Amino acid sequence: MFALVDCNNFYASCERVFDPSARDVPVVVLSNNDGCVIARSPEAKAIGVRMAEPAFKRKGFFARHGVRVFSSNYALYGDMSRRVMDTLGRFTPRMEVYSIDEAFLHLKPTPDRSLQAQASEMRETVRRWTGITVSVGIGPTKTLAKVANRIAKNTPKMHGVCDLSCSTNLGKVLEGVHVSDVWGIGRRITKKLAAVGVTNARQLRDLPDPWVKKRLTATGLMTVWELRGRSCIPLEDAPASKKAIVTSRSFGKPVTTWTQMREAVTAYTARAAEKLRAQNGVAGQLMVYLLTNPHRPELPQYSNSRTVRLPVPTDHTPTLLAAAGDATSAIYKAGFSYKKAGVMLTDIQNADARQLSLLDLTAAPAAGKVPSSSSQNGVRQGQTTNQQESNQKSPQQDMPRQQALMQALDATNSKWGRDTVTYAATGLGRAWKMRQNHKSPRYTTNWEELPLVD
DNA sequence: TCTGGGGTCCTAGGACCC
DNA sequence: TCTGGGGTCCTAGGACCC
């Protein structure tokens, strides 16, 4: 059986664990840049704070109702998440960490302990060990476990656990679930379904396969089968490595100069490269995009992106920085007020595979052998050729040195904190840095910010 | 003044090949 | 006059998730 464990109001709950003054009052957590509401305590929900609301529109409301406002503190949430997941891992050998606050588990009933009993004990243990309250939903498929979890969360008398694994009136249960609350059914599909009179999960379950396949595609059909109790989405024990790595941020203040834009893209690229190395990957392609603020239609609007194919897949930050710099200068236009930029690394392979292709490359003296689909990606031919030349000076000699440097960089930043060592091109002022005016201390991950006990 | 960030999968359609 | 069929790869766009 599948169990879905989900932390209740996770970010808001994390803030409360270390700040008792935030208990029993409405709490909201804001997105990066203190932009939108992304987490709410039950009290905040009760007074009508909605998810994804822009915070600036509610400033007065928050003040009047004594709402405690926090900036996102991912160092704290990430560490609390790890504690919760470690605790859950003691209850099963098979578990998939699905998001920062959710995990799917395989649970088996035993003669002396029902699934319900196991789930309750798990829930109590997590609460005692981490201070976080979770809800547990159990079902024969992931989709039904999700349904069960939702019911557990919304039905106080269930005390946080709902077991649908052998429910005899599943049809009745599904009748009470709106299609938009089914995992995999989003806004668009909800509309499509409403057009044919389907509004609850039971109706969705009972639709004919051919109609579903045609109108909702193969993914929709899987959802329907899962609602019928046929498991189609397996538990992914081992986290798959990422096929794309994105680092993007909205700017704290609009960026209007090339210098600032280059700093920002440099910083994002360096961060993306760190993530890439953390999963032992090399990227074959890099994309930079930038855009103005679409919420200000009265201002001149511009957005563009540029993809660069790297001559050799790499995880070497300076090489990636050079490519990102070329891409940025190709699309940056002066005279606009930029709101956001991002860097995406794609065509990611395992770094060990890279070694083999590098040997191939060095064995063949002709530089022209390097595969290049640059014309497809809009890269100017001259630029690509230059990179090939600069990279091929002596890859065999450079590689170990490059790797050693990157390892030292990552190790230093891991030990002493992010950005202990950074590239000068990321700038010192960082005027574009995101706003975080309400950030709580990194209670659990920074010695300087440990909570003090009197 | 102020509106997040990071992913995955599927499909359709075009290019190209034999 | 007449103009195949099957396959692969790539990309853009749509849709979903948290």
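Residue numbering restarts at 1 for every chain, and letters A, B, ... go by the order of the sequence lines. No experiment lies behind these values; they were computed from the predicted model shown.
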- [ ] Report which part of the nucleic acid K275(A) touches: base, sugar-phosphate, or nothing (heavy-atom distance under 4.0 Å, all strands).
- [x] sugar-phosphate
TODO: Scan K146(A) against the nucleic acid and name what it touches under 4.0 Å (heavy atoms): base, sugar-phosphate only, or nothing.
DONE: sugar-phosphate
TODO: With heavy atoms under 4.0 Å as the rule, sort E102(A) into base, sugar-phosphate or nothing.
DONE: sugar-phosphate
Task: Note: R228(A)-E226(A) ion pair, threshold 4.0 Å (strictly below) - done: no
Open item on the list: Tell me whether K142(A) contacts the main-chain N or O of P234(A) through its side chain, where contact means a donor paired with an acceptor under 3.5 Å.
Closed with: yes
Open item on the list: Can you classify the ring geometry of Y77(A) versus Y11(A) as parallel (below 30°), tilted (30 to 60°) or perpendicular (above 60°)?
Closed with: parallel
Task: Residue mapping more 5' on DNA chain B - nearest nucleotide basis, T219(A) or I245(A) - done: I245(A)
Task: P spacing across the pair dT3(B) / dC18(C), given as an integer number of angstrom - done: 25 Å
Task: Sugar-phosphate only, base, or nothing, as touched by I185(A) at under 4.0 Å among non-hydrogen atoms - done: sugar-phosphate
Open item on the list: Once you apply a heavy-atom cut-off of 4.0 Å, does I100(A) come out as touching a base, just sugar-phosphate, or nothing?
Closed with: nothing
Open item on the list: By the 4.0 Å heavy-atom rule, please label R58(A) as base, sugar-phosphate, or nothing.
Closed with: nothing
Open item on the list: So D34(A), base contact, sugar-phosphate only, or nothing? Heavy-atom distance under 4.0 Å.
Closed with: nothing
Task: Salt bridge present between D347(A) and R309(A) (N-O < 4.0 angstrom) - done: yes
Task: Beyond-backbone contact of L207(A) with L204(A), side-chain heavy atoms, under 4.5 angstrom - done: yes
Task: chain A contact limits on DNA chain B, taken 5' to 3' with a cut-off of 4.0 angstrom to heavy atoms - done: dT1(B) to dT11(B)
Task: Residue whose closest nucleotide on DNA chain B lies nearer the 5' end, N33(A) versus A218(A) - done: N33(A)
Task: Sub-6.0 Å ring centroid separation between Y332(A) and Y338(A) - done: yes
TODO: Give V37(A) one of three labels, base, sugar-phosphate or nothing, depending on what nucleic acid heavy atoms sit under 4.0 Å from its own.
DONE: nothing
TODO: Check for a donor-acceptor pair, side chain of Q301(A) on one end and backbone N or O of R296(A) on the other, with a separation under 3.5 Å.
DONE: yes
- [ ] Using a 4.0 Å heavy-atom cut-off across all strands, classify S72(A) as base, sugar-phosphate, or nothing.
- [x] nothing
TODO: Have a look at N32(A) and say if it touches a base, only the backbone sugar-phosphate, or nothing, with a 4.0 Å heavy-atom cut-off.
DONE: sugar-phosphate
Task: Side chain D419(A), main chain N413(A), donor-acceptor under 3.5 Å - done: no
Open item on the list: Please determine whether a side-chain nitrogen of the Lys or Arg among E102(A) and K153(A) lies less than 4.0 Å from a carboxylate oxygen of the Asp or Glu.
Closed with: no
Open item on the list: Could you spell out the base pairing of DNA chain C as a dot-bracket line? Use Watson-Crick and G-U wobble contacts where both distances are under 3.5 Å, [ ] for crossing pairs, | for partners on a different strand.
Closed with: ....||||||||||||||
Open item on the list: Mind checking if K242(A) touches a base, just sugar-phosphate, or nothing, with heavy atoms under 4.0 Å?
Closed with: sugar-phosphate
- [ ] Using a strict cut-off of less than 4.0 Å between a Lys/Arg side-chain nitrogen and an Asp/Glu carboxylate oxygen, indicate whether D6(A) and K146(A) qualify as a salt bridge.
- [x] no
Open item on the list: What's K243(A) touching, base or sugar-phosphate or nothing? Going by heavy atoms closer than 4.0 Å.
Closed with: sugar-phosphate
